[in-house]
Amino acid sequence: MFEKFKELLKEEMRCERKELPKGIKMQVESFNLWYGKTQAIKSVNMDLKENKITAIIGPSGCGKSTLIRGLNRMNDTISSVKTEGKVWLDGFNIYDSTTDCVDVRRQVGMVFQKPNPFPFSIADNIYYGCEVNGMKVEKDEVVERCLKQSALWDEVKDRLDENALSLSGGQQQRLCIARALATEPEVILMDEPCSALDPIATAKIEDLIDELKNHYTVVIVTHNMQQAARVSDYTAYMYLGELIEFGDTTQIFENPQENSTEKYITGRFG
Amino acid sequence: MNIRKLISLWIFTVSTVVAILGFWALATRMDVEYWMFFVALTLISASYYLSGIYHHMTEKDMNGVFMLFYASIVLMVAAFSFYLPEILDMRQWEINARIPNFFFYSLSMLFLGIFSSYLSFRPFYNFKKEGAQMGAYYMLYITMIFTLIPLFVILFNIVYRGAGGITWEFLTEDIISMGERGGVYPAILGTLALILVTAVIVLPLGVGTAIYLAEYARKGLAVRVIRTAVNILQGTPSIVHGLFGYAFFVLILFDGQKCLLAGALTLAILTLPIVIRSAEEALNAVPGDLRDASLALGASKWQTIKKVVLPPSLPGILTGTVLGLGRAAGETAPIMFTAVYFSGAGTPSSLLRPIQALPYHLLSLYRLIGYRDVDLQAWATALLLLIIVLGVNVSAIIIREKYRQRF
């Protein structure tokens with residue numbers, strides 16, 4: 001009987017696995033999401049390719065931010081949210097009952113719309129992720145690596161102990177990216193990372209995103225179609241919670257298959 | 001400066017003098033004779049008339065001036081009707097030529113002065129909109145002054161009467177013969193001990209509840225019930241707290257023995273709502289962005305609260321707690337039945353022994369006035385209590401200013 005009980009426990013802990021095709025880092029499979037009774041995401045299917053940049057575009061309120069927050073379970077913090085469907089990350093379903101969502105968020109980093117550094121020193125900001133995840137790493141090394149990766153090192157190397165809030169908006173946003181890199185994530189989600197920044201800071205962040213592609217899989221939500229065309233390899237167009245079209249960025253912008261996509265891209269609505 | 005401005009200034013000056021006179025008469029119970037009121041009214045209206053401002057006034061301004069006179073007349077009638085029976089009696093009228101009714105006349109003069117000085121703003125600014133605006137500022141300023149007056153009167157009174165009683169002996173000696181001689185040393189120590197023990201009890205309870213309400217609880221019925229309960233607790237009269245403390249802590253927990261701990265527990269219940277509210281406000285002031293950022297880095301909720309939310313809200317929490325303790329330090333009713341003896345308790349030696357405290361000592365001194373010569377001691381005790389409560393509040397302000405964090 002004891003054996004049977006152990007068997008049952010094992011069964012409980014066994015999580016579903018799925019072999020993803022080569023080159024695909026994340027796969028969204030018939031994903032639905034509700035805020036209370038309103039459905040915000042309607043059975044979305046999407047593949048995110050490894051070491052590529054995927055942009056999600058669409059008019060306001062189409063669910064693109066909600067979708068990207070669904071990729072690292074940030075929606076769990078809102079109590080009225082219900083989800084259905086699967087999101088595979090390297091063969092594991094992040095919505096499986098055995099998955100720890102805190103663990104998911106370490107592997108899938110996120111950068112937000114408004115720069116939101118902690119009111120700590122610059123170095124502490126970056127080390128925070130390592131600290132809370134109990135990573136055994138040398139603080140100075142991590143700080144230097146992340147700041148170099150986010151092209152901020154030269155600007156702040158002499159004032160690592162200063163409060164991060166003393167940086168400019170663009171620097172703060174790059175610090176937020178550097179902070180996300182510290183936990184050694186595999187995927188980085190960016191929710192309109194440039195919408196609060198001026199053109200020069202935006203250009204710097206875009207260069208940075210291009211750099212990051214070599215090591216990470218990047219998903220970026222943007223309101224700015226030129227930006228999507230400039231930085232991304234793949235583009236997804238969403239409208240009213242549905243994924244209307246997904247494909248190569250050049251194909252989406254030059255030869256959209258759907259009528260609605262074409263209308264949005266040519267600026268006839270949205 | 002044109003002539004109209006000069007005239008407006010003149011009206012403003014006269015009105016202000018009338019207002020100050022009225023206030024002074026009110027404050028010192030000076031006998032204002034009714035003809036003084038008429039003199040003021042005549043002076044102001046004559047100023048208006050002579051100034052020729054009438055010719056430039058719009059209908060609205062004229063209405064203002066008329067309203068002023070109507071109001072004055074209504075006040076006058078009220079004043080007279082108060083003494084109507086005596087006034088109607090001619091024999092009485094002879095005797096009461098000087099009507100000893102300082103209240104109505106001084107109040108009328110006060111209102112008359114304030115209102116007519118307010119009216120002088122529009123001509124001063126050449127009847128432009130700016131004048132109406134400055135007049136409104138002036139009225140708000142007057143309101144502010146009137147809220148400050150009681151504060152300064154109380155402060156001045158207590159310092160003036162009590163400062164003489166504060167001597168080294170008063171601060172360091174035992175209470176002898178119910179406070180008639182000796183000092184209030186045990187009461188000072190008792191009050192400080194009460195504050196300290198209350199802080200130790202209330203801080204973990206209040207902050208814990210606030211963290212639960214602000215961070216963990218789902219917005220729903222349960223949270224609303226808790227909030228309402230906290231509000232009701234805050235609105236409960238302190239004497240009820242005291243009686244509850246006696247019925248529960250003293251009689252049930254401590255076997256009928258009044259003690260420091262029972263008093264501190266009662267005061268903790270009294271301060272709990274203040275601490276919970278201020279802590280919750282401080283926690284809610286931390287931007288949600290920071291919580292999201294922390295969670296997105298793989299921190300758990302508790303790690304987020306510990307490292308990101310609590311540090312910047314700590315000054316706010318401490319300020320609220322200290323303000324609550326300041327309130328507790330001055331309370332009499334909650335400790336009356338639970339912690340204090342009116343004499344003979346000595347310096348606080350144990351959590352389970354009764355103590356003496358300043359507010360209660362003040363009450364017992366007040367009861368002695370008329371039987372024993374304790375006036376000076378009572379005022380000095382009041383001053384001392386005021387200094388302690390003020391000191392607590394000032395330390396709260398210092399904490400807030402020093403560690404305030406901006407996002």
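Proteins get letters first, then strands, A, B, ... in listed order; numbering begins at 1 in each.
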Contact summary for B:Leu290 and A:Pro117, nearest pair of heavy atoms: CD2-O, 3.3 Å
Between CZ on residue A:Arg69 and CG on residue B:Asp292, distance to nearest 0.5 Å: 5.0 Å
Engaged part of A:Pro185 at the chain B interface, taking heavy atoms whose separation is under 4.5 Å: neither
More than 12 heavy atoms from other groups under 6.0 Å of CD on A:Glu211: no
Greater than 12 external heavy atoms within 6.0 Å of A:Glu138's CD: no
Under 4.5 Å from any heavy atom of chain B - which part of A:Phe118: both
Greater than 12 external heavy atoms within 6.0 Å of B:Phe249's CZ: yes
Pick from A:Arg73, A:Met74, A:Lys114 with the largest number of heavy-atom pairs that fall under 4.5 Å of chain B: A:Met74
Point-to-point distance, once rounded to the nearest 0.5 Å, from CG of A:Asn133 to OG of B:Ser300: 9.5 Å
Flag if over 12 foreign heavy atoms under 6.0 Å of NZ, A:Lys139: yes
Between CZ on residue A:Arg105 and CG on residue B:Leu297, distance to nearest 0.5 Å: 10.5 Å
B:Tyr216 OH: over 12 foreign heavy atoms closer than 6.0 Å: yes
Where A:Val102 and B:Gly298 come nearest, the two heavy atoms and their spacing: CG1-O, 2.9 Å
For chain A, the option from B:Arg291, B:Lys307, B:Lys301 that forms the most heavy-atom pairs under 4.5 Å: B:Lys307
4.5 Å side-chain heavy-atom contact, A:Pro115 and B:Asp289: no
Contact class of A:Ser79 relative to chain B, heavy atoms under 4.5 angstrom: both
Residue A:Val111 versus chain B: region with a heavy atom under 4.5 Å: neither
Smallest separation among heavy atoms of B:Thr304 and A:Tyr128, with atom names: CA-OH, 4.0 Å
Heavy-atom closest contact (B:Ala293 atom, A:Phe112 atom, distance): CA-CE1, 3.8 Å
